[in-house]
Amino acid sequence: MRVGMGYDVHRLAEGRDLILGGVKIPFEKGLLGHSDADVLLHAIMDALLGAAALGDIGRHFPDTDPAYKGISSLRLLKHVGGLLEQNNYQILNIDATIIAQRPRMAPHIPLMIRHVAETLKIDESQVNIKATTEEGLGFTGTGEGISSQAVCAVMPITAYIDQDREAADRPCKECAGCQKK
């Protein structure tokens, strides 16, 4: 099993939509960034890429590339899921936290979980998203920005093959005289 962690932060600005977990959240400000600035998905992508030792989102989706201007981070997440598949990794779980003073995230979290799970072709039970405030402290507490952290676990698919081979090589437990090697 391999573990990765991700972190992202963006400044809040007027004239932008607030998109978190692929969900448009009603709020007077949105996150400033080259893409849709979805800090939650950016943290999740960095955690997944890190667990698989595939770099980070800046390497795969540079903010200097006009192809990613305003792009939905769900599209980027789908690409990351494809990279994991190509490199023979299976996602075991994702645990992420949104850090924001406002708006309240709780009503939107079930849809965020659904978006992440569907995009990565995993079960919703493998995705946990929660939110917290910083009690008015720091840049998130004063409403200047929103950040997110994520941790994930992935398993190389070859580990399952190795486990199957080991099981096949173990002697049968049901009979003492078994010739199975």
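Here the structure is a predicted model, which is why all the values come from computation and not from measurement. These values consider heavy atoms only, across backbone and side chains, with no hydrogens, waters or symmetry-generated copies.
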Linking I/L/V/M/F/W/Y whenever any side-chain heavy atoms sit under 4.5 Å apart, do [X] and [Y] land together?
X	Y	answer
M155	L49	no
V9	I146	no
Y89	V151	no
F27	V39	yes
L32	L40	no

Separation of [Y] [atom2] from [X] [atom1] (nearest 0.5 Å):
X	Y	atom1	atom2	result
L137	T142	CG	OG1	9.5 Å
I99	Q149	CD1	CD	4.0 Å
T140	L12	OG1	CG	10.0 Å
K130	S148	NZ	OG	9.0 Å
E134	F139	CD	CZ	6.5 Å
D46	R59	CG	CZ	11.5 Å

Measure across [X] and [Y] and return the closest heavy-atom pair with its distance rounded to 0.1 Å.
X	Y	value
H60	Y68	O-OH, 3.5 Å
P156	R2	CG-CD, 4.5 Å
S147	Y7	CB-OH, 3.8 Å
A67	I71	O-CD1, 4.3 Å

So, do [X] and [Y] sit near enough that their side-chain heavy atoms are less than 4.5 Å apart?
X	Y	answer
L76	L41	no
C152	I94	yes
M105	I25	yes

Check: [X] side chain, [Y] main-chain N or O, donor-acceptor pair, under 3.5 Å:
X	Y	value
D17	I19	no
T133	A100	no
R16	L31	yes
Q101	G136	yes

Could you name each residue pair satisfying salt bridge (charged side-chain N to carboxylate O under 4.0 Å, His left out) that touches residues 61-73, not counting sequence neighbours?
none
Run N93 and N128 through side chain to side chain contact (heavy atoms under 4.5 Å, CB included) and show every step you take.
CA-CA 8 Å; N93 80 306; N128 186 56; over 6 Å; no
What side chain to side chain donor-acceptor pair (under 3.5 Å) pairs are there with at least one residue in residues 20-40, not counting sequence neighbours?
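Qualifying pairs, neighbours excluded: E28-R102, S35-H42, D36-S73.
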Apply side chain to side chain contact (heavy atoms under 4.5 Å, CB included) to L48 and L77, showing your working.
CA-CA 10 Å; L48 292 168; L77 181 64; 4.2 Å; yes
Show me the side-chain donor-acceptor pairs of residues 107-122 shorter than 3.5 Å, one per line, residues at least two apart or across chains.
from, atom 1, to, atom 2, distance (Å)
H115, ND1, G21, O, 3.1
H115, ND1, G22, O, 3.4
T119, OG1, H115, O, 2.7

